[in-house]
There are 2 protein chains.
Amino acid sequence: MNPNYNETELQILEAARKVFLQYGFDGATTQMIATESGINKALLHYYFRSKDRLFEAVFMEAFTRMIPNLLKIFTAEIDFFEKIRAFVGAYIDALLQYPQIPLFVLHELKRNPDRIVQLIKSSGIRPEFILEMFRGEVGKGNIAPIDPYHLLVNMLSLCIFPFAAKPMIQGFIFHNDEAAFQEFLVSRKEQVAEFIIKAIKPC
Amino acid sequence: MNPNYNETELQILEAARKVFLQYGFDGATTQMIATESGINKALLHYYFRSKDRLFEAVFMEAFTRMIPNLLKIFTAEIDFFEKIRAFVGAYIDALLQYPQIPLFVLHELKRNPDRIVQLIKSSGIRPEFILEMFRGEVGKGNIAPIDPYHLLVNMLSLCIFPFAAKPMIQGFIFHNDEAAFQEFLVSRKEQVAEFIIKAIKPC
DNA sequence: AATTATTTAAACCATTTGGTTAAATTATTT
DNA sequence: AAATAATTTAACCAAATGGTTTAAATAATT
């Protein structure tokens with residue numbers, strides 16, 4: 001975390017993250033956060049002025065975790081399919097650590113889409129880089145011709161969606177067997193990569 | 001809609017759907033719904049007793065729309081790949097009509113996962129049927145060996161996720177070009193189907 | 001020991017929330 | 001015309017919300 005924060009602030013932020021991730025901005029109350037962090041509301045106001053300020057900090061961190069800086073994987077000197085495997089594996093691994101983030105980010109992003117503007121500028125993420133690389137691989141004949149936009153969105157969908165849809169998938173398909181669902185998520189690291197590779201392999 | 005409701009009730013339900021889909025349960029207020037439907041809070045209480053009652057009705061309808069009764073497609077006497085194309089096309093078409101539903105359902109499902117139990121029982125949706133069919137196709141050698149659970153989740157991911165992630169994808173990848181994103185969603189009907197088919201084709 | 005920073009407890013405030021009620025009004029039906 | 005149903009207006013309520021303040025207590029630093 002940002003070392004600008006002292007220990008108590010980190011404690012509060014951790015509680016805020018937990019509560020916000022669980023209940024969302026509208027569903028969370030400052031009292032929940034105070035209770036969760038073991039302090040009182042007055043101290044929240046002492047360090048952070050408002051609920052919004054606190055949320056801002058939590059959301060920023062979650063967002064940068066959701067769109068992680070995994071682009072360096074694609075700059076490595078390895079086979080393109082190996083890059084796919086590495087990216088999918090690292091992405092799903094990251095989400096396994098914070099499985100609540102996808103749904104949280106998606107919901108809050110809808111609640112305040114304008115926040116995107118700030119984030120696009122603050123975080124140096126550039127999808128154009130990936131899109132251009134996809135085009136290059138198609139041009140070199142390494143992969144079958146495919147719209148790079150669809151390929152990018154397909155990759156994100158396959159990685160992220162099962163985390164956002166956990167209550168649905170776990171309840172519906174795995175009959176609330178939490179362990180089975182967890183194992184399923186882990187196995188997706190391989191399964192999704194091979195699924196994508198097979199779909200874009202030149203035939 | 002259910003014909004049990006009279007005109008005014010339908011008017012209220014429509015407004016409730018609009019407000020709940022936009023702001024979620026926590027973000028919505030009964031006053032919003034009253035204003036949106038052009039009536040007053042007292043009449044809300046006259047027809048529906050509480051916010052929860054109203055929400056229940058809206059959520060049920062949204063959920064059954066999200067997991068649509070498209071299984072009959074798979075019972076048709078057509079090539080399996082044609083079934084895939086028909087299913088993906090019909091599913092994305094359904095979501096294009098109600099693009100807010102995925103994120104709404106996912107978020108509310110997390111807010112109250114126990115509601116799943118009711119819904120599983122009330123709606124007659126059985127994923128086992130699809131899973132078994134996938135296994136059958138693998139057995140017949142029509143498609144390459146693949147874990148049916150992953151195939152099912154992959155299909156759902158590719159269809160649903162772009163709708164849930166609209167603010168992110170439209171803002172990030174399409175630089176807030178709403179028309180371009182809309183066109184992208186439509187083109188996914190073909191793109192996703194072919195992507196899946198290529199990924200499961202026996203080689 | 002004196003000073004400063006941190007933390008708590010408790011009360012307070014204006015606003016909003018979901019929900020309720022009573023009375024009047026309008027529309028519909030009989 | 002009479003009776004019933006639908007709708008509005010307006011006020012009300014208790015509870016919860018985010019936020020603020022004051023005063024005291026505790027800890028850390030000088």
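Here the structure is a predicted model, which means the values were calculated and not measured. Reminder, nothing fancy here: chain letters follow the sequence lines and each chain counts from 1.
- Between A:Phe134 and A:Tyr149, a ring centre-to-centre spacing not shorter than 6.0 Å is recorded.
- Nucleotide C:dG18 holds its C1' atom 15 Å from the CZ atom of B:Arg53, rounded to whole Å.
- Between B:Phe195 and A:Ile196, the shortest heavy-atom contact is CZ-CA, 4.2 Å.
- For B:Lys51 and B:Phe25, the positive end sits near the middle of the six-membered ring, less than 6.0 Å away and at most 45° from its axis.
- If you measure from atom CD1 of B:Ile33 to atom P of C:dG19, you get 10 Å, rounded to the nearest angstrom.
- Atom pair B:Gln31:CD and D:dT8:P shows a separation of 12 Å (rounding to whole Å applied).
- At C:dT20, one or more side-chain N or O atoms of B:His45 fall inside 4.0 Å of OP1 or OP2 (strictly under the cut-off).
- Residue B:Ala28 is classed as a sugar-phosphate contact, given heavy-atom separations below 4.0 Å to backbone atoms only.
- Taking atom CG of A:Leu43 as the reference point, atom C1' of D:dT26 lies 13 Å away to the nearest angstrom.
- For the pair A:Arg49 CZ and D:dG19 P, the interatomic distance rounds to 10 Å; values are reported in whole Å.
- Residue contacts for A:Leu44: at a heavy-atom cut-off of 4.0 Å it reaches no nucleic acid atom on any strand shown.
- Contact between the side-chain N/O atoms of B:Tyr46 and the OP1/OP2 oxygens of D:dT7 is not found at any separation under 4.0 Å.
- The two residues B:Phe172 and A:Pro127 make their nearest non-hydrogen contact at O-CG, 3.7 Å.
- Comparing C:dT17, C:dT8, D:dG19 against the side chain of A:Ile39 picks out C:dT8 as the nearest.
- With a 6.0 Å cutoff to the six-membered ring centre and a 45° limit on the axis angle, A:Arg111 counts as a cation-pi contact of A:Phe55.
- The base of D:dG19 does not come close enough to the side chain of A:Lys51 for any donor and acceptor atom to sit less than 3.5 Å apart.
- OP1 or OP2 of D:dG18 lies within a sub-4.0 Å distance of a side-chain N or O belonging to A:Thr30.
- The B:Ala42 side chain lies nearest to D:dT8 when the options are C:dG18, D:dT8, D:dG19.
- Between A:Glu190 and A:Arg85, none of the side-chain N atoms (NZ, or NE/NH1/NH2) sits under 4.0 Å from a carboxylate O, so this pair counts as no salt bridge.
- Taking the six-membered ring where the residue is Trp, the centroids of B:Phe20 and B:Phe104 are separated by 6.0 Å or more.
- If you take CG of A:Asp52 and C1' of D:dG18, they are 10 Å apart, rounded to a whole angstrom.
- Using a 4.0 Å heavy-atom criterion, one finds that B:Tyr47 contacts the sugar-phosphate atoms exclusively.
- Applying the side-chain hydrogen bond (donor to acceptor under 3.5 Å, both in side chains) test to A:Lys83 and every residue at least two apart in sequence or in another chain returns nothing.
- Between the CZ atom of B:Phe48 and the C1' atom of C:dT20 there is a distance of 18 Å, given to the nearest Å.
- Taking a pair as Watson-Crick or G-U wobble with both distances under 3.5 Å, DNA chain D forms stems of 3 or more consecutive pairs at C:1-30 with D:1-30.
- Close to C:dT7, at under 4.0 Å from its OP1 or OP2, lies a side-chain N or O of A:Thr8.
- Per the geometry, CG belonging to A:Asn40 stands 13 Å off C1' belonging to D:dA24, to the nearest Å.
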